[in-house]
Amino acid sequence: MSLTSSPKILLQRLGLRPKKTLGQNFLVHPHQARRIVDALKLGGDETVVEIGAGLGALTVYLAQEARRVVALERDPALAEFLREEIFPEAPEVEVLCQDVLKFDFLGLSRELGRPVAVVGNLPYQITSPLLFKLMAEKEAVSRAVLMMQQEVGARLLARPGTKDYGILSVLLTYHFASQRLFSLGPANFYPPPQVDSVVLRLTPAAASPPAQDPALLAQVVKAAFGQRRKTLNNTLTAKAADFGLSPEQMRAIFAELNIDPGRRGETLSLAEFVALSNKMSELSKD
Ligand code: SAM
């Protein structure tokens, strides 16, 4: 069995069908897999974690470029195929049949004494929880090259005041610099998904100014976007008690920061959210 076969033929030979519940849309063209791996710019002594290795389209190139590949694949049949048929004699490729959302990136990077590169053609249904996980464990990540649904990519890159701007746009921009690399249409996958896909590179960023309490920043952003089209008066001022503050204190914070509380959450920039959460954190300690 070899990877020169198309995913359709490989799956047929294995007696398997693509599982929608696991977001199985396999890359058809090796040159697209190569482009994704090239975008990581791996150094030969690096460890890379692959999310959802599938039939190994990316994994074979990763194995050529990295010192060690930790290939996560939740589907036991595919993990076994990779282990036994594609990488039976490749000690540098470790196939783990595991849910990436439970993977300990921090533990692995601690063990290695350096952050790891992360790559994946993502199962689309886990994109948001995975991004939140990468934010929480960003010290463990040197960079990530991820393929996701075009519309999710647009949300990550969105600017304040646009329809795509949301919780993910603000929080991801706090933690990572994101760059759009290229898009791929449905014909690049088997089976073809309903939507276009985009590949992004995320590089951990030191936010300036930093949030004194990143968990509070996340809470403030979520509250401000909780009810779209509502003003800050209706979201943050009305819910001041949730943050250990009075509505008067909240109004004073808006006045001091020169933020009109008649604005909607979706018009605030990351810098304004950081300034807001820092003031709220100071006052709630008094
Ligand atoms: N990398 C392969 C490719 O590009 O052809 C497969 C990509 S496919 C879009 C996503 C893969 O992630 C599938 O093989 C699926 O079984 C696997 N997967 C789904 N959920 C997962 C999870 N929570 N953790 C790890 N792998 C998962």
Side-chain angles (χ1 to χ4, degrees), residues 1-12 14-40 48-66 69-83 85-87 93-105 108 116-134 137 144-153 181-200:
M1 191 107 47
S2 101
L3 267 189
T4 48
S5 310
S6 75
K8 187 174 178 179
I9 290 170
L10 274 178
L11 289 171
Q12 270 169 3
L14 293 166
L16 299 172
R17 282 168 176 274
K19 298 184 183 72
K20 235 188 176 157
T21 49
L22 288 178
Q24 292 183 352
N25 300 100
F26 302 97
L27 272 170
V28 175
H29 305 298
H31 68 276
Q32 301 295 13
R34 177 91 250 177
R35 277 174 94 189
I36 295 172
V37 172
D38 284 351
L40 264 181
V48 58
V49 177
E50 184 187 357
I51 300 167
L55 293 162
L58 301 173
T59 330
V60 287
Y61 294 117
L62 295 170
Q64 293 168 7
E65 306 278 328
V69 183
V70 178
L72 306 176
E73 175 47 61
R74 194 170 183 186
D75 185 333
L78 297 184
E80 187 184 318
F81 163 74
L82 289 171
R83 249 184 235 129
E85 308 218 26
I86 304 296
F87 301 109
V93 180
E94 199 178 333
V95 180
L96 302 179
C97 187
Q98 203 185 318
D99 179 354
V100 61
L101 298 178
K102 299 199 178 122
F103 185 73
D104 185 3
F105 287 95
L108 176 62
V116 296
V118 176
V119 68
N121 166 13
L122 298 181
Y124 293 150
Q125 50 275 69
I126 67 159
T127 307
S128 289
L130 175 78
L131 290 169
F132 279 106
K133 181 174 171 65
L134 293 179
E137 299 187 44
V145 171
L146 304 174
M147 175 140 60
M148 61 190 73
Q149 249 174 284
Q150 182 102 356
E151 77 172 71
V152 180
L181 299 179
F182 55 91
S183 299
L184 290 182
N188 289 284
F189 305 87
Y190 172 78
Q194 307 277 330
V195 292
D196 284 336
S197 304
V198 64
V199 179
L200 301 189

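Side chains included, hydrogens not; waters and symmetry mates left out as well; all remaining heavy atoms used. Read the numbers this way: they start at 1 and go in the same order the structure lists the ligands and their atoms. Here, residue 1 is the first one in the sequence, and each next residue gets the next number.
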For [atom], the protein heavy atom that lies nearest, with its residue and separation:
atom                    : result
atom 3 (C) of ligand 1  : N121 ND2, 3.5 Å
atom 23 (N) of ligand 1 : D99 OD1, 2.8 Å
atom 20 (N) of ligand 1 : P123 CG, 3.5 Å
atom 5 (O) of ligand 1  : L27 N, 2.9 Å
atom 19 (C) of ligand 1 : L22 O, 3.1 Å
atom 27 (C) of ligand 1 : R74 CB, 3.6 Å
atom 14 (O) of ligand 1 : E73 OE1, 2.7 Å

Is there a polar contact between ligand 1 and [X], counting only N or O atoms under 3.5 Å apart?
X    : value
V100 : yes
N25  : no
G23  : no

Only heavy atoms of [X], strictly under 4.0 Å: list the atoms of ligand 1 that pass.
X    : value
Q98  : 24 (N), 25 (C)
E50  : 1 (N)
G54  : 6 (C), 14 (O)
L122 : 9 (C)

**Item:** The single option from Q150, H29, Q32 passing side-chain contact (heavy atoms from CB on, under 4.5 Å) against L184
**Value:**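 Answer to the side-chain contact (heavy atoms from CB on, under 4.5 Å) test with L184 among Q150, H29, Q32: Q32.
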
**Residue portion contacting ligand 1 (non-hydrogen atoms closer than 4.0 Å) for A53** =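 Backbone only.
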
**Message:** Does only the side chain of L78 get under 4.0 Å from ligand 1, or the backbone, or both, or neither? Count heavy atoms.
**Reply:**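 The side chain, only.
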
**Item:** Rounded distance (nearest 0.5 Å) linking atom CD of Q12 with atom OG of S6
**Value:**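 Rounded to the nearest 0.5 Å, the CD-OG separation comes to 7.5 Å.
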
**Asked** Which is closest to atom 12 (O) of ligand 1 in terms of heavy atoms, G56, G52, P129, P193?
**Response**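 Going through G56, G52, P129, P193 one by one, G52 has the nearest heavy atom to atom 12 (O) of ligand 1.
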
**Message:** Using side-chain heavy atoms (C-beta onward) and a distance below 4.5 Å, is L78 in contact with Q24?
**Reply:**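 L78 reaches Q24 side chain to side chain.
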
**Asked** Between I126 and R74, is any pair of side-chain heavy atoms under 4.5 Å apart?
**Response**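 They are not in side-chain contact.
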
**Request:** Take T127 and L146 through the test side-chain contact (heavy atoms from CB on, under 4.5 Å) and record every step on the way to the result.
**Result:** CA-CA 9 Å; T127 307; L146 304 174; over 6 Å; no

**Message:** On a heavy-atom basis, which atom in V93 and which in A63 lie closest, and how many Å separate them?
**Reply:**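 The answer is CG2-CB, 3.7 Å.
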
**Prompt:** NZ of K20: more than 12 outside heavy atoms within 6.0 angstrom?
**Reply:**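 Not buried by this count: 12 neighbours or fewer within 6.0 Å.
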
